[in-house]
Amino acid sequence: MPPVLYLIDGHALAYRTYFALASAGERLQTHSGEPTAGIYGFASVLMRILEQDRPDYLAVAFDTGKTFRNDMYPAYKATRAKMPDDLRAQIDHIRQIVDAFNLPRLEKEGVEADDVLGSIAKQAVEHGLGVKIITGDRDLLQLVNDRIIVNLAGNKLSEARDFTAADVVETLGVRPEQVIEYKGLVGDKSDNIPGVPGVGEKTATSLLERYPTLEDIYAHIDEIKGAMRAKLEAGRESAFLSRDLATIRTNVAISLDLEKARANDLNLPAVEAIFRELEFRTLIARLAKLAPGYQPPAASAAGGQLSLFGVPITQVGQSETFANHYSVVNTPEALKELQQALAGAECLAVDTETTGVDPLRAELVGISLAVVEGQGYYIPVGHRTGEPQLKLDEVRSALLPAFTDPKLPKYGHNVKYDLLALRRAGLDLAPIRFDTMIAGFLIDPASRSLGLKDMSEDYLNLTMTHIEELIGKGKNQITMAEVPIERAAGYAAADAEITLRLVGPLRKGMAERQAEKVFETVEMPLVPVLAMMEQNGIALDLDFLKQMSTELTNRLVEIESEIYRTVGYHFNLNSTQQLSDVLFKALGLLPPDPRKKTASGHFSTSADILEELRGQHPAVDLILEYRELSKLKSTYVDALPLQINPDTGRVHTSFNQTGSVTGRLASSDPNLQNIPTRTELGRQVRRAFIAAPGYRLLSVDYSQIELRIVAAMSGDEAMRQAFLAGQDIHAATAAAIQNVPLEQVTKDQRRNAKAINFGLIYGMSSFGLSRSTGLTLAEAENFVKAYFAQFPGVRRYLDEVRKQASQRGYVETLLGRRRYFPNLKSGANPNMRAREEREAINAPIQGTAADIMKLAMIALPGALQQAGLHARLLLQVHDELVLEVPENELQGTAGVVKDIMENAYPLSIPLETEARSGISWGELQPFA
DNA sequence: TCCCGCGG
DNA sequence: CCGCGGGA
């Protein structure tokens with residue numbers, strides 16, 4: 001194999017990784033607020049290449065200013081979004097890193113990095129080298145041939161992949177050398193290359209299959225029929241110009257001194273200094289491993305310095321390389337050994353393999369355990385491969401003592417899942433002391449990479465096998481039960497082992513961010529409570545839903561034909577785009593606010609727009625009714641029965657503790673936190689949620705908990721007095737603003753005051769307020785002014801929160817749950833800034849309410865048991881708890897629940913609750 | 001993927 | 001403001 005020259009496209013890679021990290025929710029920055037996502041992305045890819053590929057030669061190309069393409073076509077890249085300012089500033093750091101690695105920088109005035117890469121690549125091939133180009137820019141694919149491959153970054157850092165000529169054909173449908181012809185036809189929106197108007201991807205690939213180049217197409221233009229031919233003829237000039245723009249030059253006068261590109265003499269202290277300055281801690285750790293083991297390519301055959309188990313890090317978790325470090329427990333002897341290990345254990349990490357994603361339906365396939373780092377156990381119990389495995393009964397009695405040992409703390413990743421799966425198999429797990437997913441969430445609530453695989457990369461720098469490598473994906477997916485034990489074991493044991501290994505770094509991470517208190521007093525104790533609620537589930541009145549569905553269908557059919565009749569023709573009512581055309585083109589209605597665009601360029605048809613169009617055409621009212629009914633039918637009435645668990649006959653929602661950045665729970669499968677309540681018809685759906693025979697549903701909700709929290713946290717006297725006096729807070733607000741006695745507040749005044757109170761909680765602007773109230777912007781501004789004049793403490797509090805958010809970079813709830821706002825510190829653009837300021841105001845209010853509710857939920861089961869009551873907690877809807885209560889215990893239970901909720905976390909303002917009960921969620925009556 | 005709409 | 005889900 002010839003030596004290989006690695007060429008990195010510096011800008012494209014920084015750009016791509018910047019957005020990859022941003023879209024993954026990472027807001028990378030240093031302590032002082034300097035954004036680093038682009039640098040980090042670039043540096044980690046560079047490190048990965050040095051560690052894993054050991055390139056013979058490596059150089060990095062950069063763009064410089066305007067290029068000859070702008071002379072050819074002034075609009076070139078004119079529409080491309082300007083590079084974000086904070087990324088631009090990062091490019092210089094990237095250049096420094098390249099220098100510190102002693103790698104050549106390739107740049108030339110007047111040409112793009114693409115052209116530099118193309119030219120150098122061509123020269124290298126002529127010298128007999130292989131070339132690999134690392135970029136984020138698909139255009140480079142045109143350079144691929146049998147000596148040049150391109151590694152293209154994906155939407156996530158881990159999704160980069162190599163493209164050979166065959167890969168290009170498979171992905172784009174054309175050969176690499178045809179990429180420019182393809183661009184000539186299709187153009188490129190992001191570079192503002194026009195192409196041939198009207199020719200899309202499909203047309204272009206099929207044309208290029210028959211005629212390999214533009215020249216061939218136009219030479220045979222008479223073989224092409226109809227409209228396509230006309231389009232091609234009209235776009236002829238544009239096609240050739242576009243192709244020229246898209247063509248990467250390979251004859252740029254630039255040269256590379258290969259000796260300088262030998263990737264073997266990085267200036268370690270310089271790199272480390274830069275990484276330290278940028279606070280790339282994990283990269284520094286990798287550096288230490290890289291430097292001593294790094295040999296000139298000729299002598300690098302020994303290798304092996306990068307490993308944890310003596311294998312390259314990419315292979316950890318794959319069974320063949322993990323083989324010495326896990327045991328399959330499928331004999332009585334092995335089980336005995338495991339029991340002995342458990343007896344001496346100080347902690348126990350647990351993971352389960354099941355046949356599905358719903359823990360209340362899936363079957364248990366195997367249990368993984370780890371008690372020390374570097375060693376894992378896999379206990380198969382449900383493999384359907386005919387291989388020997390222990391009986392579940394034996395496993396259960398062997399494990400139960402340790403699993404329920406009060407002195408043995410249990411760890412897991414999303415451990416609520418495993419708890420439920422184990423319970424269904426007759427096991428249990430307590431006490432649960434550490435959930436790595438929740439810990440990761442508290443360290444960064446905005447993180448979208450809380451999967452075990454992601455966290456393993458982020459915190460341990462270990463790449464794990466993905467489950468799809470075992471069970472496949474799509475329609476050929478099998479379940480874990482069909483995977484041979486030996487193949488499953490390495491993967492499964494690694495899950496428990498990695499979980500165990502994550503605990504240390506996560507504790508440290510939580511300590512740095514002072515998240516331990518919320519973790520230990522709120523989130524971890526909540527896990528078993530939520531598991532219990534999910535297990536309980538809630539009963540549905542199926543007959544009622546069936547009848548409702550029929551009635552809705554009938555009415556929908558009526559409305560639909562009525563709409564088609566008034567409009568004059570048929571169209572797809574459920575397509576918002578078609579609807580927009582019908583209303584604003586065919587019917588000629590004027591969009592009330594023509595600025596209200598949608599991303600696809602259509603006018604919005606949202607309910608508030610339609611609301612304004614009422615009366616202008618009979619179809620409008622009908623559409624609004626249609627929308628309401630079809631939403632109800634598809635989302636609730638027809639969907640809920642499908643979610644009933646056949647074993648229990650009830651629906652078991654899943655509560656996610658890591659779903660909401662503010663600390664609220666999120667409910668899914670089905671979401672029982674958005675069952676309608678605001679309209680009469682919607683409320684009907686709630687009637688389908690019923691109590692079991694002999695039971696009643698009891699609902700207790702906090703009244704105005706968020707405003708009470710504002711009053712307490714801000715200490716605003718006027719607001720506190722209103723609450724202490726037990727006044728209707730919205731009316732009291734209106735009275736204060738309008739300066740009228742409380743009794744004289746009109747409905748309108750109260751409604752506006754209510755809107756501003758809500759706006760307050762949501763950090764809303766005058767603009768938002770005017771939208772939600774129908775006041776003019778000026779009126780809304782005056783209203784806000786009057787509000788703050790009456791509640792000066794609230795204003796001070798809001799200013800304080802904003803200041804804290806921008807100075808410290810985070811805000812926190814009363815219990816210390818934090819939400820981070822790195823962009824406020826670094827002064828991002830005004831839009832983002834305003835958005836984050838609103839989020840910063842909302843987070844402590846909503847988050848404190850969420851914390852208090854969680855504390856109540858944790859305290860409740862013990863209090864009920866203490867009182868000898870048998871109520872079951874079923875649902876939490878942010879400020880409401882729903883329980884199923886034996887009829888004769890209603891009164892006592894209501895008292896306990898109210899007491900627990902009202903005293904969960906004492907504020908300087910009393911928390912009040914309201915209890916209601918009934919046989920269904922839809923017809924609850926206040927308690928006597 | 002976007003748009004819309006349900007809840008708090 | 002924060003979510004989840006249906007449908008094109």
Side-chain angles (χ1 to χ4, degrees), chain A residues 23 155 445-446 448 571-581 596-611 623-624 626-640 642-643 653-679 681-686 701-707 709-710 755 757-765 767-769 771-772 798 801 811 819 821 834-850 853 875-882 921:
Chain A
S23 72
N155 289 323
R448 263 167 275 173
F571 61 99
N572 186 344
L573 247 181
N574 289 318
S575 161
T576 52
Q577 304 196 349
Q578 287 188 34
L579 180 61
S580 180
D581 287 343
K596 258 251 177 174
K597 30 82 211 230
T598 70
S600 49
H602 289 80
F603 293 117
S604 167
T605 62
S606 65
D608 51 335
I609 297 284
L610 294 181
E611 208 54 61
I623 291 165
L624 278 165
Y626 180 89
R627 280 259 180 92
E628 185 188 355
L629 300 196
S630 71
K631 167 83 183 179
L632 235 46
K633 178 166 145 64
S634 66
T635 309
Y636 305 105
V637 179
D638 290 348
L640 282 170
L642 303 177
Q643 298 272 1
T653 186
S654 172
F655 289 107
N656 183 351
Q657 279 169 279
T658 60
S660 172
V661 284
T662 55
R664 277 190 172 183
L665 295 178
S667 154
S668 64
D669 308 298
N671 181 353
L672 296 186
Q673 291 180 323
N674 71 344
I675 305 300
T677 184
R678 291 180 191 178
T679 67
L681 190 65
R683 239 179 339 264
Q684 292 280 331
V685 177
R686 291 199 171 214
D701 65 321
Y702 284 113
S703 44
Q704 310 297 350
I705 185 170
E706 286 171 335
L707 280 177
I709 287 167
V710 172
N757 278 331
F758 271 97
L760 165 70
I761 293 165
Y762 298 151
M764 194 192 271
S765 56
F767 175 73
L769 184 65
R771 240 178 47 110
S772 73
L798 296 186
V801 171
V811 296
R819 177 166 181 194
F821 297 97
R835 178 188 171 85
E836 293 208 345
E837 279 189 357
R838 288 195 295 274
E839 292 170 353
I841 287 169
N842 172 254
I845 303 170
Q846 195 176 93
T848 300
M853 177 56 110
L875 304 177
Q876 186 252 46
V877 190
H878 308 307
D879 63 356
E880 171 188 15
L881 290 180
V882 178
W921 202 10

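Within every chain, numbering begins at 1; the chains are lettered A, B, ... in the order of the sequence lines, protein sequences first and strands thereafter.
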Can you measure Tyr626(A) atom OH to dC4(B) atom P for me and round it to whole angstrom units? 15 Å

Taking Ile675(A)'s backbone N and O only, do any of them form a donor-acceptor pair with Arg686(A)'s side chain (distance below 3.5 Å, no angle check)? yes

Grab the two heavy atoms, one from Glu628(A) and one from Thr679(A), that are nearest each other, plus how far apart they are. OE2-OG1, 3.3 Å

Base-contact (B) and sugar-phosphate-only (S) positions in nucleotides 1-8 of chain C, heavy-atom cut-off under 4.0 Å, - elsewhere: BSBBBSSS

Quick one: salt bridge (charged side-chain N to carboxylate O under 4.0 Å, His left out) partners of Asp581(A), sequence neighbours excluded? Lys585(A)

Just how far, in rounded Å, is C1' of dC2(B) from CZ of Phe603(A)? 18 Å

Quick one: Leu875(A) CG to dG8(B) P, roughly how many Å, whole number? 13 Å

Expected output: side-chain Ser580(A) to main-chain Phe603(A) donor-acceptor under 3.5 Å: yes

Report the distance from atom CG of Leu579(A) to atom P of dC4(B), rounded to the nearest whole Å. 9 Å

Considering non-hydrogen atoms only, spot the tightest contact between Gln578(A) and Asn572(A) and give its length. OE1-N, 2.8 Å

With a 3.5 Å distance limit and no angle check, can you tell me whether Ser667(A) reaches the backbone of Leu672(A) through a side-chain donor-acceptor pair? yes

Kindly indicate whether the side chain of Arg678(A) and the base of dG8(B) share any N or O donor-acceptor pair separated by less than 3.5 Å? yes

Separation of Ile845(A) atom CD1 from dG8(B) atom P, in whole Å? 18 Å

In whole angstrom, what separates Glu628(A)'s CD from dG5(B)'s P? 11 Å

